[in-house]
Amino acid sequence: MHALKPFIEAQCQELCGYTLTTAVLEVPPDPTLGDFANKAAFALAKQRRMAPPKIAAELAEQLRAAAPEWLADVSATGPYINLRLSDAWLMEQLQAETWAGTEPAPDSVAWLLEYVSANPTGPLHIGHARWAAVGDSLARLLTYAGERVQREFYVNDAGMQVANLRRSVDAVRAGKPVPEDGYHGDYVKELAQQTADPVGLMLAEQRETLHGAGVEFDVWFSELDLHRSGAVEKGLERLRQGAFTFEHEGALWFRSTAYGDDKDRVLRKSDGSLTYFAADIAYHLNKLERGFGRLVNLWGADHHGYIKRVDAAVAALSQSLGRPYAPGETLHVLLGQLVNLFRNGEPVRMSKRTGDMVSMQEVMDEIGVDALRYLLIRKHPNTHMDFDLAKAVEQSPDNPVYYVQYAYARLSSILRKASVGAIHELPLQLPQPLHPSERAVILKALQWRDVVAESAALLEPQRICTFLEELAVLLHVFYHDCRVIDEADAPRTAFRLALVQKWQGLFRTGLELLGVSAPEQM
RNA sequence: GCGCCCGUAGCUCAGCUGGAUAGAGCGUUGGCCUCCGGAGCCAAAGGUCGGUGGUUCGAAUCCACUCGGGCGCGCCA
């Protein structure tokens with residue numbers, strides 16, 4: 001299935017004989033004006049040296065004369081050309097739509113999504129849950145849109161932080177106080193009661209939590225492996241050979257300012273030890289060497305100062321490897337703002353379990369996976385977010401996840417009642433003119449491909465939520481206005497049951513991309 | 001001091017990369033169950049899109065400055 005807007009725009013251009021590269025289609029403010037509005041007259045005003053309303057009138061006339069089968073009505077309202085699609089054509093499109101994802105093109109670039117990548121030094125918190133939900137949903141969305149995607153978790157199992165955790169746990173095991181700069185949460189005591197390595201235990205716990213949230217990774221990439229395999233040294237060597245480095249005061253530096261960074265960065269300190277950045281360079285070199293062309297990293301907003309240097313490294317490494325590099329594209333860092341937890345408007349900070357922050361596991365246990373994922377994905381990751389646990393757990397329309405799921409449950413309920421489960425595919429034959437509420441759902445549903453294309457291109461899965469909520473509103477209105485099962489009108493019943501089947505499939509598909517369940521009943 | 005992010009209805013947020021009278025939910029007020037699920041629907045009220053300039057035929061959207069909130073500026077990770 002193709003997206004609706006590009007098709008209509010291309011048709012208008014062809015039938016009216018103009019060319020534009022920008023998108024000109026939009027939805028009119030009042031549905032009685034039309035299904036779509038073409039604002040090409042604005043763009044054409046300069047080159048034709050005519051007033052937009054005059055151009056719009058002419059183009060509308062041309063379209064009317066051409067009378068394509070997809071167009072039921074066209075009218076110029078001021079500078080806008082308002083288009084109404086024909087019911088028959090809409091039904092044709094809907095009939096052909098299966099909501100199936102797109103197969104990747106054989107020569108398409110491979111994407112590597114890296115997200116969460118928490119230090120294995122403590123339980124995951126609500127912030128990690130946000131990157132987990134968004135990253136996982138983004139991976140599903142891109143895959144659905146026909147991209148080849150790998151999901152990866154970078155394990156910071158080398159360096160100071162994990163050593164610090166081990167020291168803290170060892171102290172407790174020896175009955176000594178935890179060092180001042182060590183880890184002090186209650187979980188440290190729990191780790192101390194077990195004999196295994198605390199880092200391994202912590203990692204396993206994080207994995208378990210993510211698994212419980214439906215978040216899976218293809219690869220858990222160990223930083224320690226980078227060091228042990230000599231990959232870090234290899235990365236530095238590559239930069240040195242490309243003359244991207246210099247020595248200064250006994251340290252080895254990366255000339256990142258040559259690629260837009262604010263200052264040059266140390267790779268090997270004067271005491272001979274490596275910086276964290278050196279390992280990160282090796283990691284990104286490894287990503288490129290594995291053939292990935294699009295690197296997407298989800299980071300907490302507190303890491304934004306780190307973007308420029310890593311991007312500089314990716315630019316230098318790409319150049320060294322003879323690979324293409326596009327700013328903001330080869331490496332795309334998605335920043336996620338931290339989440340503030342509330343309960344009934346009161347800030348929540350303390351936790352009995354960790355003595356520090358409420359863990360992701362605790363939140364999930366309290367409000368459930370569906371609400372957690374949906375509410376976290378729903379907002380643009382780079383906006384500050386107030387998350388109220390009391391509202392999240394509430395099963396009310398205040399909680400959009402239930403509103404959307406309820407729409408699906410209602411559709412399922414109708415099909416149950418009509419017992420059409422056994423019928424494979426009902427014909428979508430139009431028995432009479434469409435009811436406005438019925439038509440509104442159909443029109444919205446057919447914009448699915450446009451929404452998927454836009455969210456994938458912008459890496460913004462929250463648009464799927466917005467779409468599903470808008471679709472749910474229209475669905476509830478339809479449900480209210482139009483009775484589906486009517487013994488006195490068999491043809492219309494069959495038609496509407498077929499519609500309900502189609503829509504149910506769309507809700508299921510949309511919720512699947514979010515990793516949220518689609519309940520048959522609630 | 002420098003840099004990044006966010007300011008849209010009382011609250012939580014959308015706003016289709018610059019277009020028509022700025023939208024939704026909650027909350028408030030008032031309606032709708034002889035009917036496939038009322039966890040729903042309809043209506044009313046609620047806004048100088050933080051502010052000031054600028055670009056443009058046209059700005060919530062782009063630019064500059066400014067105010068408020070968050071965060072970052074190590075040979076830390």
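Numbered from 1 within each chain, the chains take letters A, B, ... in sequence-line order. Quick note: numbers below take in every heavy atom, side chains included, and nothing from hydrogens, waters or symmetry partners. Not measured: the values here are computed from a predicted model.
Residue contacts shown for A:S413 include a base, since a base heavy atom lies under 4.0 Å away. Base contact: A:N82 has a heavy atom under 4.0 Å from a base atom. Note on A:K379: only backbone sugar-phosphate atoms sit closer than 4.0 angstrom, heavy atoms only; bases stay farther off. Residue A:L458 is classed as a base contact, given a heavy-atom separation below 4.0 Å to a base. Counting non-hydrogen atoms under 4.0 angstrom, A:P52 reaches nothing in the nucleic acid. Within the 4.0 angstrom heavy-atom criterion, base atoms lie near A:V484. Contacts of A:A301 with the nucleic acid, taken as non-hydrogen atoms under 4.0 Å apart, involve only primed sugar atoms and P, OP1 or OP2. Within the 4.0 angstrom heavy-atom criterion, only backbone atoms of the sugar-phosphate kind lie near A:R463; the bases stay farther away. Among the atoms of the strands shown, base atoms are found under 4.0 Å from some heavy atom of A:K5.
Regarding the sugar-base torsion, B:C33 falls in the syn class, its angle being within 90° of 0.
Although no hydrogens or angles enter the test, the distance criterion places a donor-acceptor pair under 3.5 Å between the side chain of A:E9 and the main chain of A:L25.
The side chain of A:E26 has B:C16 as its nearest neighbour among B:C16, B:C36, B:C42. The A:M522 side chain lies nearest to B:A39 when the options are B:C41, B:A20, B:A39.
Rounded to whole Å, the P atom of B:C63 lies 38 Å from the corresponding atom of B:G27. Atom name C1', nucleotides B:G18 and B:C49: the rounded distance is 15 Å, in whole Å. Comparing the same atom, C1', in B:G46 and in B:U52 gives a spacing of 26 Å after rounding to whole Å. Spacing of P atoms, B:C4 relative to B:C65, comes out at 10 Å, to the nearest Å. Only the P atoms considered, B:A64 is 11 Å distant from B:C5, to the nearest whole Å. One C1' atom belongs to B:C67, the other to B:G51, and the distance between them is 7 Å to the nearest Å. As rounded to the nearest Å, B:U66 and B:G58 have C1' atoms that lie 25 Å from one another. For the P atoms, the distance linking B:A44 with B:C26 amounts to 16 Å, nearest Å.
For the residue pair A:Q521 and A:S413, no side-chain donor N or O sits within less than 3.5 Å of a side-chain acceptor on the partner.
Look at A:K269 and you'll find a side-chain N or O under 4.0 angstrom from OP1 or OP2 of B:C76. Between A:R410 and B:G38, a side-chain N or O to OP1/OP2 separation shorter than 4.0 Å is present. Taking only side-chain nitrogens and oxygens, A:K46 never comes nearer than 4.0 Å to OP1 or OP2 of B:U56. Distances shorter than 4.0 Å separate some side-chain N or O of A:Y403 from OP1 or OP2 on B:C41.
If you check distances only, the side chain of A:S270 does reach the base of B:C75 with a donor-acceptor pair under 3.5 Å. Scanning atom types as modelled, no donor and acceptor separated by under 3.5 angstrom connect the side chain of A:K391 and the base of B:C26. Checked by distance alone, A:H384 brings no side-chain donor or acceptor within 3.5 Å of a matching partner on the base of B:G7.
Look at CG on A:D481: it is 17 Å from P on B:C32, rounded to the nearest Å. Between the CG atom of A:D280 and the C1' atom of B:C75 there is a distance of 17 Å, given to the nearest Å.
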